[in-house]
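See structure below.
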There are 2 protein chains.
Amino acid sequence: MNGGSDRREVIPEATVARLPVYLRGLVELAESGMATVSSVELADLAGVNAANVRKDLSYLHAHGTRGVGYQVDHLIGEISLALGGGEPSPVVIVGIGNLGRALSQYDGFVAGGFPVAGLVDADPAVVGRYIGGRVVRPVEELADVVTESGCTVGIIATPSASAQEAADHLVAAGIPSILNFAPAVVHVPEDVDLRQVDLATELQILGYHQHRRMASGANAGAVG
Amino acid sequence: MNGGSDRREVIPEATVARLPVYLRGLVELAESGMATVSSVELADLAGVNAANVRKDLSYLHAHGTRGVGYQVDHLIGEISLALGGGEPSPVVIVGIGNLGRALSQYDGFVAGGFPVAGLVDADPAVVGRYIGGRVVRPVEELADVVTESGCTVGIIATPSASAQEAADHLVAAGIPSILNFAPAVVHVPEDVDLRQVDLATELQILGYHQHRRMASGANAGAVG
DNA sequence: ACGCGCTTGTGCACCGATTCACATGGCACC
DNA sequence: GGTGCCATGTGAATCGGTGCACAAGCGCGT
Ligand SMILES: NC(=O)c1ccc[n+]([C@@H]2O[C@H](COP(=O)([O-])OP(=O)(O)OC[C@H]3O[C@@H](n4cnc5c(N)ncnc54)[C@H](O)[C@@H]3O)[C@@H](O)[C@H]2O)c1
Ligand SMILES: NC(=O)c1ccc[n+]([C@@H]2O[C@H](COP(=O)([O-])OP(=O)(O)OC[C@H]3O[C@@H](n4cnc5c(N)ncnc54)[C@H](O)[C@@H]3O)[C@@H](O)[C@H]2O)c1
């Protein structure tokens with residue numbers, strides 16, 4: 001496409017989705033003192049195919065040593081670099097209800113390089129309260145919160161009916177990446193990255209498989 | 001294709017994942033009084049391609065009327081039937097910490113046909129407490145809880161280190177469907193359906209796109 | 001110094017999913 | 001009753017992902 005400085009070429013989406021899983025396994029390996037890891041070990045750890053692991057890692061230019069494997073430290077560095085550039089990305093949570101409170105206190109965020117930098121809510125009864133040592137600020141100050149703390153990720157934890165509004169506020173504040181927990185389809189400009197985490201959908205998918213299993217089991221007894 | 005009793009044939013996974021989204025949109029339409037809906041309307045509502053919607057619905061044998069569209073009521077019935085058979089599936093939550101408490105009080109579960117029927121935890125300090133009107137029972141009684149309330153879905157909300165153990169307990173109790181919130185790869189027998197909901201991974205995927213956008217923006221300014 | 005064994009890196013074929021484009025067919029209006 | 005319009009349903013091409021299978025390469029032991 002271009003003829004120049006594309007040291008990091010494009011990485012397939014499916015690969016990107018697996019990189020965090022590799023990273024978790026690698027960190028565990030490093031903590032237990034392992035210096036190198038083979039693709040089959042890493043595949044086993046991540047629950048995927050070994051050839052898939054090798055192909056994934058080849059996109060990162062994180063080459064291994066034939067006959068030996070990959071260097072754990074080096075892999076951790078390369079994957080971290082690809083995923084976040086090594087810089088932490090502060091997040092702001094919109095909607096501090098049941099879910100928002102749980103997320104506010106989730107230590108996995110800061111551990112993964114996503115410190116919670118701001119909490120906002122529309123309800124005056126919630127604004128001003130302290131959750132996990134941070135004060136909840138009014139949603140009108142969202143833009144201020146973002147600029148003050150340099151947030152680059154917004155989390156929507158409002159009711160479905162307010163999800164689009166929350167997304168609009170986040171976009172207006174300049175947030176380029178949004179994670180939406182509300183079970184609603186929200187629309188954002190195409191230069192904004194939006195991902196959906198939908199509990200109810202996940203359960204319904206499980207329900208489908210369960211239902212199908214029972215139905216086919218009752219009729220034929222064949223397993224897919 | 002064959003001459004038997006397969007009224008409901010197999011539905012592609014990608015389609016199954018979209019059905020809940022259609023269902024949500026259709027319920028909204030029904031509430032606002034719409035009697036019929038076209039594939040383009042539904043596609044817009046769900047954020048997907050219209051041809052995709054039509055192909056998806058064709059798997060359900062939920063045929064529409066040419067020139068008119070699909071009957072909203074009928075579609076709701078067909079999708080609900082395909083997803084859960086119409087029967088509610090009680091869920092049991094393992095690990096009543098920050099996240100488990102939020103999930104216990106999530107009204108979207110019961111609305112979607114997944115009433116929370118049991119809460120269990122390994123910590124004696126948590127056992128016996130009441131969350132959302134339900135008592136937390138010891139994890140040793142998991143099998144009893146499951147048989148008493150007929151749970152068919154298990155939710156893992158324990159720390160990562162305990163996730164495999166929790167999964168083993170659920171499998172031993174006869175649970176066929178598991179939703180895992182712990183950021184860990186857990187292994188289950190192949191006749192058990194396991195789905196992963198991984199917050200940290202979602203954020204890291206967002207981080208990748210953000211990082212890439214910045215990097216390519218600084219170099220070329222091209223958007224993909 | 002040399003060969004053997006182990007692991008990487010990848011070409012290729014298969015598979016599911018998406019999307020275009022168009023034929024098919026029912027409804028409403030005249 | 002006939003005709004035109006409009007949305008469905010689907011054939012076929014395309015695309016991205018997966019996984020096998022094997023050649024290439026590195027290190028270690030002899
Ligand atoms: N509770 C859970 O465990 C859970 C699990 C999965 C998904 N969800 C989804 O997450 C969302 C939040 O769930 P919850 O249980 O925390 O609900 P909640 O009602 O407890 O909290 C919602 C919060 O959002 C605030 N809010 C409403 N409109 C707002 C706006 N326009 N701007 C900013 N804040 C606003 C409210 O004041 C409230 O504090 C819902 O969409 C729900 O479906 C919840
Ligand atoms: N808190 C969040 O918002 C959040 C968000 C996403 C994912 N998660 C993940 O969800 C899991 C729970 O998070 P949390 O913040 O609620 O943690 P937590 O420590 O608050 O709660 C964990 C609970 O699990 C119980 N537990 C531990 N071992 C158990 C076992 N073997 N059997 C049954 N119960 C056991 C503990 O007693 C505790 O009550 C973690 O894996 C976390 O990474 C949490």
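Reminder, nothing fancy here: chain letters follow the sequence lines and each chain counts from 1.
Residue His61(A) contributes atom NE2, which lies 13 Å from atom C1' of dG9(C) at whole-angstrom precision. Taking atom CG of residue Leu75(A) and atom C1' of nucleotide dT7(C), one finds them 14 Å apart after rounding to whole Å. The distance between atom CZ of Arg18(A) and atom C1' of dG19(D), rounded to the nearest whole Å, is 11 Å.
Within the 3.5 Å criterion, the main-chain N or O of Thr158(B) finds no donor-acceptor partner in the side chain of Ser162(B). Of the possible polar contacts, none joining the Asn52(A) side chain to the Asp56(A) backbone as a donor-acceptor pair under 3.5 Å is found.
Only Asn49(A), Ala51(A), Asn52(A), Arg54(A), Lys55(A), listed by number, bring a heavy atom of residues 39-57 of chain A to less than 4.0 angstrom from any atom of DNA chain D.
Each of Leu99(B), Val94(B), Asp198(B) was checked for a side-chain contact (heavy atoms from CB on, under 4.5 Å) with Phe181(B), and the lone residue meeting it is Leu99(B). Of the listed residues (Val146(B), Leu142(B), Ile175(B), Ile156(B)), just one forms a side-chain contact (heavy atoms from CB on, under 4.5 Å) with His169(B), and that residue is Leu142(B).
Remark: the Gln210(A) side chain and the Ser177(B) side chain contain an N/O donor-acceptor pair separated by less than 3.5 Å.
Nearest-nucleotide positions on DNA chain C place Val68(A) closer to the 5' end than the other of Ser58(A) and Val68(A). Residues Gly67(A) and Pro12(A) each lie close to DNA chain D; by heavy-atom proximity, the contact nearer the 5' end of the strand is made by Pro12(A).
Contact annotation: His63(B) reaches the phosphate of dG9(D) (side-chain N/O to OP1 or OP2, under 4.0 Å). Look at Tyr70(A) and you won't find any side-chain N or O under 4.0 angstrom from OP1 or OP2 of dC26(D).
Relative orientation of the Tyr106(A) and Phe109(A) rings is perpendicular, given thresholds of 30° and 60° on the angle between their planes.
For Arg66(A) against dT8(C), a side-chain-to-base donor-acceptor contact under 3.5 Å is present.
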